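Just so we're clear, the structure is a prediction, and the values are computed from it rather than from any experiment. Side chains included, hydrogens not; waters and symmetry mates left out as well; all remaining heavy atoms used. Every number for a ligand or one of its atoms is a count from 1 in the order of the listing.
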Amino acid sequence: MNTKYTVPRGTSDILPKDAYKWEYMESLFRKVAKSFGYQEICTPIFEQTEVFERSAGDTTDIVQKEMYRFQDKKGRTFALRPEGTAPVIRSYIENNLGSDGQITKLFYIGNMFRYDRPQAGRSRQFSQYGCECIGTVHPYYDAENIAVFWTYLKTLGLKNFVVEINSIGCPNCSETYNTVLKEYFQKSLEILCPDCQSRYEKNPKRLLDCKVPQCKEIAMKSPSMLDFLDERCQIHFGEVQRYLKILKVNYIVNSRIVRGLDYYTQTAFEFINNNLGSQNALGGGGRYDGLVQQMGGKDTPAVGFAGGFSRLLLSLEQENLYQGEFARPKYYIISFNEETTSKAIEILDFLRNKGIYAEFEIEKTSMKSQMKSADRLKAEYTIILGEDELSQNMLSLKNMTTGEQKQIALDKIEELCL
Ligand code: HAM
């Protein structure tokens, strides 16, 4: 039988021709996050299922439909992480990271898993970058958290995106708002999708997040959350905007943002690239003041965001931006026979131990084929080790851009590292 193996649906390989772009996006994110005082945290890719069920909310699509659950050999239930916030909070509590009473700022990069219908910008395994700021209610930190994301995208050179912000209030505001929403949706209850009918009972705010066109249309005309904020939440939202202005983050207010996870309170935001089609959110986040306590920790406020790298890459490609570069050898060593090959390997090893990318292909012995390889790999220089050169204890160095050639004595080989 001739079996042809393929990647699982909704996943993809990152091939060497693209890997450098990912390295570039990741390293720049690390740099920007660190400049805002965030420190890296890595959590496992699977957790006890409850970590997500208790945090994301049991009426959300993520928990109801999209989680990869499995049992281990002892019958314990785990889930591949669909998002990074709940694991970070689990770790924050478990490792007592807030014990010094200071603000804890954590960032992460990692693969997440959601069983959803794959399409451009939406896959079943995807890589997220995110920042969580834990231990403060101060609205400055909502703005600062948004500014990390903003600065990252600006540093990448991205232009086509907008920052949309909203406040979804606190449990106090939600009480009134949920009643108003239920009154509004009651008239259309019969034509809502079955999911929305159950959301109506269990969690009316989720009605605003349905993707079924008919429900979406009804939700578009629903009362705005912003009209039902209590005084504390109104002040908070005003302050967030004041700090965003000081930080020079351009934003618009969009009262329709609800977010697909239940742990949010007050500030909610999304970074949108309208050229991306239906999966147009580069990322999103918000404040989640109740989550640490809900997951068994002390009452600790927090705010955070996450973005997806694949949508970011699509955006960078659309705008023709990535400054990373496919690695090219500094030196390609050309050798012709057994004797010169031993010297070639010595020089190769010397250069690589100095951290210099040098290449040599032992099976190629003609000048023509090795020069061809050096061109194909875009080597900066070739080192030519002919018998004549070796007999004089020299090597020839050719600059592949200018064609200039010079000789270097083998006992001055350090010059190659300059
Ligand atoms: P989220 O909105 O579910 O939030 O995901 C954040 C971003 O991850 C999305 O905007 C999108 O760019 C990317 N993403 C999500 N699902 C997929 C997918 N199936 N394929 C490709 N990319 C995807 C969260 O995950 C929250 N944990 C954000 C957060 C952090 N809130 C507070 N702190």
Side-chain angles (χ1 to χ4, degrees), residues 8-12 14 22 25 29 33 38 41 43 47 51-52 55-57 60-63 65-68 80-90 92 104-134 141-142 144-146 148-149 152-153 158 161-166 168 209 211 257-273 276-292 295 301-316:
R9 184 166 143 76
T11 70
S12 56
I14 297 175
W22 288 76
M25 293 189 295
F29 179 68
Y38 284 77
I41 183 167
T43 63
E47 299 270 351
V51 168
F52 305 108
S55 55
T60 58
D61 280 354
I62 291 184
V63 168
K65 304 178 189 164
E66 297 172 5
M67 271 215 295
Y68 280 91
L80 294 182
R81 60 182 180 193
E83 60 107 38
T85 308
V88 166
I89 296 305
R90 193 263 314 130
Y92 173 85
T104 308
K105 290 180 178 178
L106 302 168
F107 80 86
Y108 51 90
I109 289 177
N111 282 319
M112 310 291 158
F113 304 83
R114 295 184 193 174
Y115 190 85
D116 202 346
R117 199 172 51 79
Q119 54 178 280
R122 186 162 78 195
S123 43
R124 291 181 176 167
Q125 176 179 316
F126 57 97
S127 183
Q128 265 189 351
Y129 50 95
C131 279
E132 314 292 349
C133 173
I134 312 161
Y141 290 98
D142 306 43
E144 189 191 78
N145 189 257
I146 295 172
V148 182
F149 203 165
Y152 176 46
L153 300 188
L158 216 63
F161 69 91
V162 281
V163 184
E164 299 187 354
I165 64 165
N166 188 22
I168 55 171
D209 197 33
K211 282 148 201 127
I257 296 177
V258 260
R259 312 278 305 125
L261 295 141
D262 274 353
Y263 46 62
Y264 294 105
T265 50
Q266 297 187 323
T267 314
F269 58 88
E270 279 176 351
F271 281 61
I272 304 290
N273 175 354
L276 282 182
S278 65
Q279 303 306 307
N280 62 2
L282 286 168
R287 181 161 277 288
Y288 51 95
D289 287 348
L291 186 60
V292 179
M295 290 185 69
V303 58
F305 76 83
F309 278 119
S310 46
R311 294 180 196 179
L312 184 56
L313 184 56
L314 289 174
S315 310
L316 293 176

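The shortest contact between atom 8 (O) of ligand 1 and any protein heavy atom is with Gln128 NE2, 3.1 Å.
Using a 4.0 angstrom heavy-atom cutoff, Arg259 counts as in contact with ligand 1. The shell of residues lying under 4.0 angstrom from ligand 1, judged by heavy atoms, includes Gly284.
Residue Glu270 does not touch ligand 1, judged by heavy-atom distances below 4.0 Å. Both the backbone and the side chain of Arg122 come within 4.0 Å of ligand 1, counting heavy atoms alone.
Listed here is the closest heavy atom pair of Thr265 and Asp289: OG1-N, 3.1 Å. Here the shortest heavy-atom pairing between Glu164 and Ile257 reads O-CD1, 3.4 Å. Shown here for Tyr152 and Phe309, the closest heavy-atom pair between the two residues is OH-CE2, 3.5 Å.
With Phe271, Tyr288, Tyr264 as candidates, the residue nearest to atom 28 (C) of ligand 1 on a non-hydrogen basis is Tyr264.
Using a 4.0 Å cut-off between charged side-chain N and carboxylate O, Glu83 and Arg114 make no salt bridge.
For a threshold of 3.5 Å applied to N or O pairs, the pair formed by Leu261 and ligand 1 contains no separation below that value. Backbone and side-chain nitrogen or oxygen atoms of Ala281 are examined, and one is located within less than 3.5 angstrom of a nitrogen or oxygen of ligand 1. When only interatomic distances are considered, the shortest N/O to N/O separation between Tyr263 and ligand 1 falls below 3.5 Å.
Residue Gly121 has at least one heavy-atom neighbour below 4.0 Å for each of these atoms of ligand 1: 20 (N), 21 (C), 22 (N). Each of the following atoms of ligand 1 lies closer than 4.0 Å to a heavy atom of Phe305: 29 (C), 30 (C), 32 (C), 33 (N). For ligand 1, the atoms closer than 4.0 angstrom to any heavy atom of Gly285 are 31 (N). Those atoms of ligand 1 that come under 4.0 Å of a heavy atom in Glu132, given as number and element, are 30 (C), 32 (C), 33 (N). For ligand 1, the atoms closer than 4.0 angstrom to any heavy atom of Leu282 are 10 (O), 12 (O).
Side-chain atoms of Arg311 come within 3.5 Å of backbone atoms of Gly121 as a donor-acceptor pair (strictly under, hydrogens ignored). Although no hydrogens or angles enter the test, the distance criterion places no donor-acceptor pair under 3.5 Å between the side chain of Tyr38 and the main chain of Gly130.
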